[in-house]
Amino acid sequence: MIAWNELPGRANQDPEFRYAARFWTATLRFDVGSASYRVRVENGAVAEAAPCAPSAACDVFVSAPESDWRELLAPTPRPFYQDLYGAQVHHGVRLPEDPVTYAAYYPALRRLLRALAACQEGAR
C-alpha cells in the first residue's frame, strides 16, 4: 500500500527530482490496478497527491495492474521493471501513446517513481 499523502514531501525533498522537474507544471494520473491517483506538479514541485476517478483528465498517465506496480516500486526492480519504457514494452505498464507528452520530463517521472517507492509500507 502506498501512502500517497507522503509523496509531496518525499519528492520535494529529493534534489534530483526537483532538478529534473524544474519548470514542470502538469497533472499526472497513476492508475494502480482499479484505483487512480492524481499528482499535481506545479513549477517543479509536487503540490498534491490525491485519489481521483480513473477517467480524470491528466497530461500524463502511468497505468498498470497492481502486480506490475509492486515490481516497479520494488527496492531493486527486476529486469524491465527498473525503467518505465522497459516495463511498457515487456510488461503491463501503459503510458501515453505519444512519448512527446512526457519526454522532456521523463527523468522527473522516473525519479517520482523512486519517491513513490519510498512511500510504500515497509519502505519507511
Find the distance between CG (Leu73) and CD (Gln120) and round it off to the nearest 0.5 Å.
4.5 Å

Measure the CZ-CG distance between Phe17 and Leu7 for me, rounded to the nearest 0.5 Å.
7.5 Å

Give a yes or no on whether the backbone of Gly86 and the side-chain of Gln88 come within a donor-acceptor separation of less than 3.5 Å.
no

Mark yes or no for whether Asn12, through its side chain, and Ala45, through its backbone, hold a donor-acceptor pair below 3.5 Å.
no

His91 NE2 to Phe80 CZ distance, which is reported to the nearest 0.5 Å
7.0 Å

I need the minimum non-hydrogen distance between Glu42 and Ala47, along with the two atoms involved.
CD-CB, 3.9 Å

Not counting sequence neighbours, list each pair that qualifies as a side-chain hydrogen bond (donor to acceptor under 3.5 Å, both in side chains) and has a residue in residues 20-29.
Thr27-Arg40, Arg29-Asp31

Main-chain N/O of Ala64 paired to Asp68 side chain as donor or acceptor, under 3.5 Å:
no

Strictly by ring-ring contact (aromatic ring centres under 6.0 Å, His included), give each pair with a member in residues 53-73 just once, sequence neighbours left out.
Phe30-Trp69

Without hydrogens or angle criteria, can the side chains of Tyr106 and Asp83 be said to hold a donor-acceptor pair below 3.5 Å?
yes

From Arg70 atom CZ to Ile2 atom CD1, the distance as rounded to the nearest 0.5 Å
10.5 Å

Counting heavy atoms not belonging to Arg114, are there more than 12 under 6.0 Å from its CZ?
yes

Do Leu72 and Val93 have side chains that approach each other closer than 4.5 Å (heavy atoms only, starting at C-beta)?
yes

Within this structure, what is the CG-OG1 distance for the pair Leu95 and Thr101, rounded to the nearest 0.5 Å?
8.0 Å

Quick one: closest heavy-atom pair of Ala115 and Arg10, and the distance?
O-CD, 3.9 Å

Can you find a heavy atom in the side chain of Asp14 that is under 4.5 Å from one in the side chain of Arg111?
yes

Within the structure provided, determine whether Leu116 and Val39 are in side-chain contact (heavy-atom separation under 4.5 Å).
no

By ring pair (Phe, Tyr, Trp, His ring centres under 6.0 Å), Tyr37 pairs with (sequence neighbours left out) Trp4

Looking only at heavy atoms, which two atoms of Ser36 and Pro54 are closest? And how far apart?
OG-CA, 3.2 Å

